[in-house]
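Working notes, structure below.
Note that ligands are numbered from 1 as they come in the structure, with each ligand's atoms numbered from 1 the same way. Sequence positions, counted from 1, serve as the residue numbers for this chain.
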Amino acid sequence: MPADSLTLSQPRPGKLSLLGLPAANLVEFFENIDEKPYRARQIMRWLYQRYVTDYGEMTDLSSPLRKQLAEMTSLALPPVLKREHSDDGTRKWLLDVGANQAIETVYIPEPDRGTLCISSQAGCALDCAFCATGYQGFNRNLTSAEILGQVVLASRELAPAKITNVVFMGMGEPLANYRNVLPVVHLLLDDQAFGLSRRRVTISTAGVVPHILKLATDCNVALAVSLHAPTDELRDRLVPINRVHPIAELLEACWKYAEGQASRSITFEYVLLDGVNDSVAHARQLLKLLRHKPAKVNLIPFNAFPESEFRCSPQPVIDAFWQTLRNGGLIATVRRPRGDDIAAACGQLAGRVRDRQRVRLGDRVIGASSS
Ligand code: SAH
């Protein structure tokens, strides 16, 4: 069935969702309905360790309580519009988040781990020049329930395979939806929920500096930064938020972040665009910025999407870029594209959108500076 013919539902009338609710708020909720606080733990075990979202199956709750919860609250997961399987084992879900908006979630199996790549917004306002999500414009922030719901849904469908790592590298800018992302991160780490270690949860950001600094104190998980250019002149064009938070300010925040992380380094993502940011001179400039710092570089061969104006750098150019970084003493890896046959690779996630408003940071920044 062609994706365009999928019918997207309208927004659902809201009941309080217990999914994604911080543990303390869940305790408070049960106290407010005159139930024991340990009910919170019971519900969390059902939701996040057994992936059960039907109160009817929660056999250690009394049936009047189950009925009351079903009347007052919701555990609904975003409905699945489409499931796709890549030849390399990658899986992708297209999920309905109402009002003609859909988001994508991707699972990438590797011999030693299983990584779930989740979305934090329907669309994205940051307007990075080479990204399919940015091209679609921005619709809205996802709720904590919609963000964590992706992990619950995928965990259930993948069992007995386990999700060992979660990366916020799907659609959207997680640090532009800080309020809803933070409770999700806490639940991913909470032993009574998913119990992942800090190094197995990665927030990827295009550089929302104030929230990088906030995250450093709130929850010091692994950080990936989408750098993509070694000079402000070039980065202003490729990653427009650079016009608000330029490279020096961004890196200063990164080194502060790294101080709280013991021996862990920050990952700098760098998408290689043919003839744009991929020369040996660029690699040397990048080296200057990052050498002797707690940094490693993840080079991402550009993944094309229908409207993109860029091309992927040829393999010898990728090799030379990588070699220059390595010779300079920087740890660098080249990311192997996964799931590209089902458009699940980095930057190809566009969801399915109708009428998504084109709110684009790039336009606003340009508008502000020219007026
Ligand atoms: N907004 C966040 C997370 C989403 S994108 C961020 O910017 O980090 C996850 C990664 O994929 C980012 O490094 C992003 O720059 C990269 N990316 C986006 N479009 C791409 C494309 N077409 N090819 C390869 N990587 C891309």
>> side-chain contact (heavy atoms from CB on, under 4.5 Å), that's the test. Do Glu269 and Arg335 meet it? Break it down for me.
In response: CA-CA 10 Å; Glu269 292 156 289; Arg335 189 181 292 173; 3.5 Å; yes

> Does the side-chain contact (heavy atoms from CB on, under 4.5 Å) test come out yes or no for Tyr107 and Glu157, once each step is laid out?
Replying inline: CA-CA 11 Å; Tyr107 174 72; Glu157 295 200 5; over 6 Å; no

> Which of the atoms of ligand 1 are close to Val271, meaning less than 4.0 Å from one of its heavy atoms?
Replying inline: 23 (N), 24 (C), 25 (N)

> So is Phe310 close enough to ligand 1, meaning a heavy atom under 4.0 angstrom away?
Replying inline: no

> Is a side-chain N or O of Asn277 found less than 3.5 angstrom from the main chain of Val271, in a donor-acceptor match?
Replying inline: yes

> Under 3.5 Å, N or O to N or O, is Arg335 touching ligand 1 that way?
Replying inline: no

>> Closer than 4.0 Å to some heavy atom of Ala206 - which atoms of ligand 1 meet that?
In response: 6 (C), 7 (O), 8 (O)

> With atoms numbered from 1 as shown, which atoms in ligand 1 lie under 4.0 angstrom from a non-hydrogen atom of Ile300?
Replying inline: 24 (C), 25 (N)

What donor-acceptor contacts under 3.5 angstrom involve side-chain atoms of residues 20-33, with partners at least two apart or in another chain?
from	atom 1	to	atom 2	distance (Å)
Asn32	ND2	Glu28	O	3.4

>> I need the atoms of ligand 1 closer than 4.0 Å to a non-hydrogen atom of Phe168, numbered in the order shown.
In response: 3 (C)

> Looking at ligand 1, does Ala132 have a heavy atom less than 4.0 Å from it?
Replying inline: no

> Against heavy atoms of Phe302, which atoms of ligand 1 measure under 4.0 Å?
Replying inline: 21 (C), 22 (N), 23 (N)

> ligand 1 versus Thr205, non-hydrogen atoms closer than 4.0 Å: side chain, backbone, both, neither?
Replying inline: backbone

> By number and element, which atoms of ligand 1 are closer than 4.0 Å to a non-hydrogen atom of Gly170?
Replying inline: 4 (C)

>> Counting only heavy atoms not in Arg156 (residues, nucleotides, ligands), do more than 12 fall under 6.0 Å from its CZ?
In response: yes

> Would His228 count as a contact of ligand 1 if the rule is a heavy atom under 4.0 Å away?
Replying inline: yes

>> Let's go through Trp46 and Thr59 carefully: what are the C-alpha distance in whole Å and the side-chain angles of both, what is the deciding distance for side-chain contact (heavy atoms from CB on, under 4.5 Å) to 0.1 Å, and is it a yes or a no?
In response: CA-CA 10 Å; Trp46 283 111; Thr59 45; 3.7 Å; yes

> Taking atom types as modelled, is there a side-chain donor on Glu173 or Thr205 under 3.5 Å from an acceptor on the other?
Replying inline: yes

> For ligand 1, which atoms have a heavy atom of Cys131 less than 4.0 angstrom away?
Replying inline: 18 (C), 19 (N)

> Under a 4.0 Å heavy-atom limit, does Glu269 contact ligand 1 with its side chain, its backbone, both, or neither?
Replying inline: side chain

> When you look at Ile212 and Lys256, which way does the side-chain contact (heavy atoms from CB on, under 4.5 Å) test go after all the steps?
Replying inline: CA-CA 9 Å; Ile212 293 178; Lys256 266 209 193 104; over 6 Å; no

>> Please verify the inter-ring angle class for Phe194 with Tyr48; under 30° counts as parallel, over 60° as perpendicular, anything in between as tilted.
In response: tilted

>> Using the side-chain contact (heavy atoms from CB on, under 4.5 Å) definition, which of the options Val166, Val167, Thr115 pairs with Thr202?
In response: Val167

> Is Phe130 in polar range of ligand 1, meaning some N or O pair under 3.5 Å apart?
Replying inline: yes

>> Taking a cutoff of less than 4.0 Å between a non-hydrogen atom of the residue and any ligand atom, is Gly172 in contact with ligand 1?
In response: yes

